[in-house]
Amino acid sequence: MSTFLSYAVPGVPFGCTYAIVAMGLVLTYRTTGVFNFAFGAQAYASAFVYTVLTGQGVAVLPAFLISVVVLAPARGWILDRYLFRRIAATNTTAKLVSAVAIFVGLPQLVTLVFGSATRFAPPTLFLNPANVYFHLFSTPVNGLELETVIAAAAAVVAVSAVLRSSRLGLTIRAAVESPRLLELEGVRSDRVLSVAWMGSSFMAGLAGVLLAPQYPTLQFNDYAILLVAALAAAALGDLANVPMALVGGVLLGVVEGLGSGYFSPSSIWHTGLLPAIPFLVLAVLLVTRPRLRALEDSEDPLSGCDPPPPPSIIATRGPELDRIIRLGGRALALGAVISVLTWVPGNWAFTLTSGLVYSIMFLSITLITGMGGEVSLCQATFAGAGAFIAGQLAVHHGVPILLGSLVGALGALVVGAIGALPALRLRGLPLALLTLALALLADNAVFPYSWAGGPPGGLFVPRPVIGSISLATTSSKGFFVLALVILVLCVIGVKLIQRATVGRYLDALRASPIGAQSVGINPSAAKILVFALSAALAGLGGALFGSLQQSITPSDFNYQFSLVFVVVVVTTGVRTTEGAIQAGMGFVVLQQLLSYLPGRWGAGGLAVVLFAFSALTYASHPEGVVEYQKRLWTERVERLVRHGGQPPYTMATSPPKEPATAGSDHHG
Amino acid sequence: MAEGLAVEGLSVGFGGVRALDGVDLALRPGEIVGLVGPNGAGKSTLINCVGGQLEAAAGRVSLDGAPLDSMPPYLRARRGVLRTFQRIAVFPELTVREHLFVAVRARRPAGTRWSELVDRAQPNEAEALAIEEALDRVGLRERADVAVATLPLGACRLVEIARALVGGPRVLLADEPSSGLDPREAETLATVLRSVAGQGTGVLLVEHDLAMVAELCDRVVVLHVGRVIAQGSFAEVMADPTVQRAYLGHAA
């Protein structure tokens, strides 16, 4: 018993850190209706400012006031005013993508501004971290742990009070349910939601500053993992119950404490299962708790008064525009291909080749999000599955890499189909969270093993040999041609499905799942198919990526890449195959161009920041920024040619005036 | 076993509220049955249980004697139970014709073939015929190739009706199909329902417009707080004192 307690007690403060973030998530979800992925990034940003300030000799209290009381709510106000207010309550994809964009963009922005020097743990807020205050069941409790527990207790009281008993809490909850209905009562909903966002950001800042002293150095990855673990805790309370979120957090902490105590450090349980527990818990809860599944079903009581959502621009693109874009695109593509094969220098040829490979991976997002209407946050994991299968086959069994890539794609296809099974009853936000949990499970419990993710130094993946031509010895231009051929085949395949009967079924399911099922379309079959094919494309792209890089490690495919991929593709245009190609080429070309910048600006973070910021326009342009710009410019050119007359086709050229409020769900 | 749709002892609860409480209902082929009752009577709940969108706590639903209870909505649709929605559930980006193609193709009992992953999404002869017939019925032929998002609400309702009846359902569940229709569209709707029933489809019509119920329905079933309180011809149920009390409150 005393052993048990000595393992369990140290888990409590750690569980309390989960709980603080979990309660923040619940508060945000309840008061804004947005599942705030950005919460982790916001906590990190506040912790960063606090660390920088205290590191420069500012006293704890003013540093706390600046980072948490002033800056955090200001950030919340900005987020609401310029981003989330523009997204319709029903548009899950837009809300999710915007939050994910902040999640990947904000930390990179912080690094760009302040530099990436290692920053050590800042001082705690009010207790001496090293001082042991008392012993609980003969386990010493120090100031750091005590402070965390006190903060968690204070948070549960404060959050419950706001949500349950105050008039503000009631108004906020009403504003989440239906801003329009609340306005009929004479309350300005936008102001209420603004306050809610400021409160949520304050909470994120508080959590960040409380947690910062717990880690030896300040690293975003800790906050990202913490966010997902906290999500598991919040899920125990169905994302609604604050005390349950506290209990869930503490439970998780205790279970991890017990695990690390009882399992021998070298056992498979310790290395494989233990880090994966929060993600496993989250995945199981998402699949089994009906109320979590129903997160998607909450709807505005006034939505019955809405007209059907406008079709996305892409669906109404005029034939003239279509022709111009197609011609321009082909000319550009031809020019690029000829250039690479003739005068382009080696490093740029390599960049453009990897752009082709990224395009293949990004096509998988066209399939799953553009056609299937679901956001998947584990596409990089599928890519990794394909790459590692191809690599292991080549290394251990001498399978030619091209054949291995096909086997890898097939393997990813199977993984995708199996992954779709627990997701059958989920869609929208819960589905995206499940894919994230699966990605983290793979990152923590599968890829670290050498039979999967290769030896610690990286898994060697050979370049292909076609007949007597070895693409390893000749310049990478041979690989460019190979990747181009494979990409074209993949594009043809996706386009065929788009135009086929199944593509129509997917259109129907995306627009109205309930309507589609009512005419006989099988949603489960469609979901398995889309997941499997999408995973296969990602796997194929991943295998080619490995072959191009010649050496891969699990960190090449970790969950953060999945998030970045989604942001990049959705920003560029997720509804068309050309969007995926533009995303793939744009992503690598931008990175290559920015690498000429001096110092930290050239380190690669800037590209992510730029894409993340353009993703914020997704709310207004669900067809994708590039698609929107193409439409805009073609229109301008046409107007110029026609001497400023009427737009040539009114339907296709007049975008819906208020896309943000018109409920354009699942246009992503 | 009886032909048509049979509902026996259907009960559904939402939390503490019994939305349906032991409802029995029979719908024979070619019959139009009106389902009326005050708001909250359980009309849409009943439709959702028959369509499969909602799981009943107790009771049975069967079509031509074959139980439907454990079937998901799409399988019921393939058996011939089709419906419209109170809040329209159209596919905004598809044209009217594409709606009808999807509906007539997806309902095929055999399900989806692998070849349909790469075909050109073209209807075969029989399907094309059914699509054209449905277009003519609801009078949307001129607007068949425009995206449904550009149509007014009334036309969207007609698209839903056409989508449900293309290819001839066994049972049509129409949940307030006339709301949002102008008088001319409502007239089209009435004609369509009558002709569908004339071809042997059983129609269960939830409708607030009592004039339409009186004109169309062979039989009327009155629901009140989840129970059937009266059924019979329109005149019979309207004369029933229980029905009058339910509609006008206890003071009457």
Side-chain angles (χ1 to χ4, degrees), chain A residues 290 299 301 303-316 373 424-425 492-526 529-530 533 575 650-652 654 656 662-667, chain B residues 48 51-53 72-95 98-109 111-123 146-153 156 159-160 163-164 166-167 173 179:
Chain A
E299 51 187 33
S303 59
C305 312
D306 286 336
S312 76
I313 307 296
I314 192 74
T316 58
L424 281 184
R425 299 171 75 176
I492 291 174
V494 172
K495 274 184 183 289
L496 273 176
I497 299 173
Q498 254 173 349
R499 290 173 189 168
T501 303
V502 170
R504 289 277 172 280
Y505 289 171
L506 293 178
D507 290 339
L509 279 167
R510 198 173 61 239
S512 170
I514 191 171
Q517 291 173 56
S518 84
V519 297
I521 298 173
N522 181 347
S524 306
L529 181 80
V530 165
L533 289 178
R575 293 295 304 278
T650 43
M651 183 43 227
S654 56
S664 47
D665 196 9
H666 291 302
H667 279 171
Chain B
N48 286 337
Q53 282 76 25
Y74 76 93
L75 284 181
R76 299 187 193 208
R78 291 181 189 175
R79 289 291 180 94
V81 179
L82 274 293
R83 64 167 295 175
T84 70
F85 293 87
Q86 190 178 356
R87 273 183 48 190
I88 51 167
V90 290
F91 318 129
E93 290 176 16
L94 298 192
T95 66
E98 284 166 343
H99 268 76
L100 301 183
F101 167 70
V102 163
V104 73
R105 177 62 67 87
R107 270 178 52 191
R108 201 175 42 195
T112 310
R113 293 194 202 104
W114 283 106
S115 64
E116 285 168 349
L117 205 54
V118 291
D119 65 1
R120 299 308 300 254
Q122 293 303 318
V146 299
V148 164
T150 63
L151 295 178
L153 182 67
C156 288
V159 170
E160 262 202 357
R163 185 180 73 184
V166 60
L173 311 166
S179 75

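Just so it is clear: chains get the letters A, B, ... in the order the sequence lines come, proteins before strands, and each one is counted from 1.
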**Message:** Could you work out, with side chain to side chain contact (heavy atoms under 4.5 Å, CB included) as the rule, every residue matching B/Q122, not counting sequence neighbours?
**Reply:** B/R120
**Request:** Name the member of B/V118, B/V102, B/L117 that forms the most heavy-atom pairs with chain A at distances under 4.5 Å.
**Result:** B/L117
**Asked** Which residue out of B/A77, B/A106, B/A89 racks up the most heavy-atom pairs below 4.5 Å with chain A?
**Response** B/A106
**Prompt:** If you round to the nearest 0.5 Å, how far is CZ of B/F91 from CG of A/L506?
**Reply:** 11.5 Å
**Asked** In this structure, which one of B/R83, B/Q53, B/R87 forms a side chain to side chain contact (heavy atoms under 4.5 Å, CB included) with A/I514?
**Response** B/Q53
**Asked** Do A/Y505 and B/R105 touch side chain to side chain, with heavy atoms closer than 4.5 Å?
**Response** yes
For residues 518-525 of chain A, which side-chain donor-acceptor pairs fall under 3.5 Å, sequence neighbours excluded?
| from | atom 1 | to | atom 2 | distance (Å) |
| --- | --- | --- | --- | --- |
| A/S518 | OG | A/G515 | O | 2.8 |
| A/N522 | OD1 | A/S524 | N | 3.0 |
| A/N522 | OD1 | A/A525 | N | 3.2 |
| A/N522 | ND2 | B/Y74 | OH | 2.9 |

**Message:** Around atom CZ of B/R113, are there more than 12 heavy atoms from other residues, nucleotides or ligands closer than 6.0 Å?
**Reply:** no
**Prompt:** Can you find a pair of side-chain heavy atoms, one from B/T112 and one from A/V502, that are under 4.5 Å apart?
**Reply:** yes
**Fill in**
If one checks every heavy atom of A/L509 against chain B at 4.5 Å, the contacting part turns out to be neither
**Asked** Crowded around B/R79 CZ? As in, over 12 foreign heavy atoms under 6.0 Å?
**Response** no
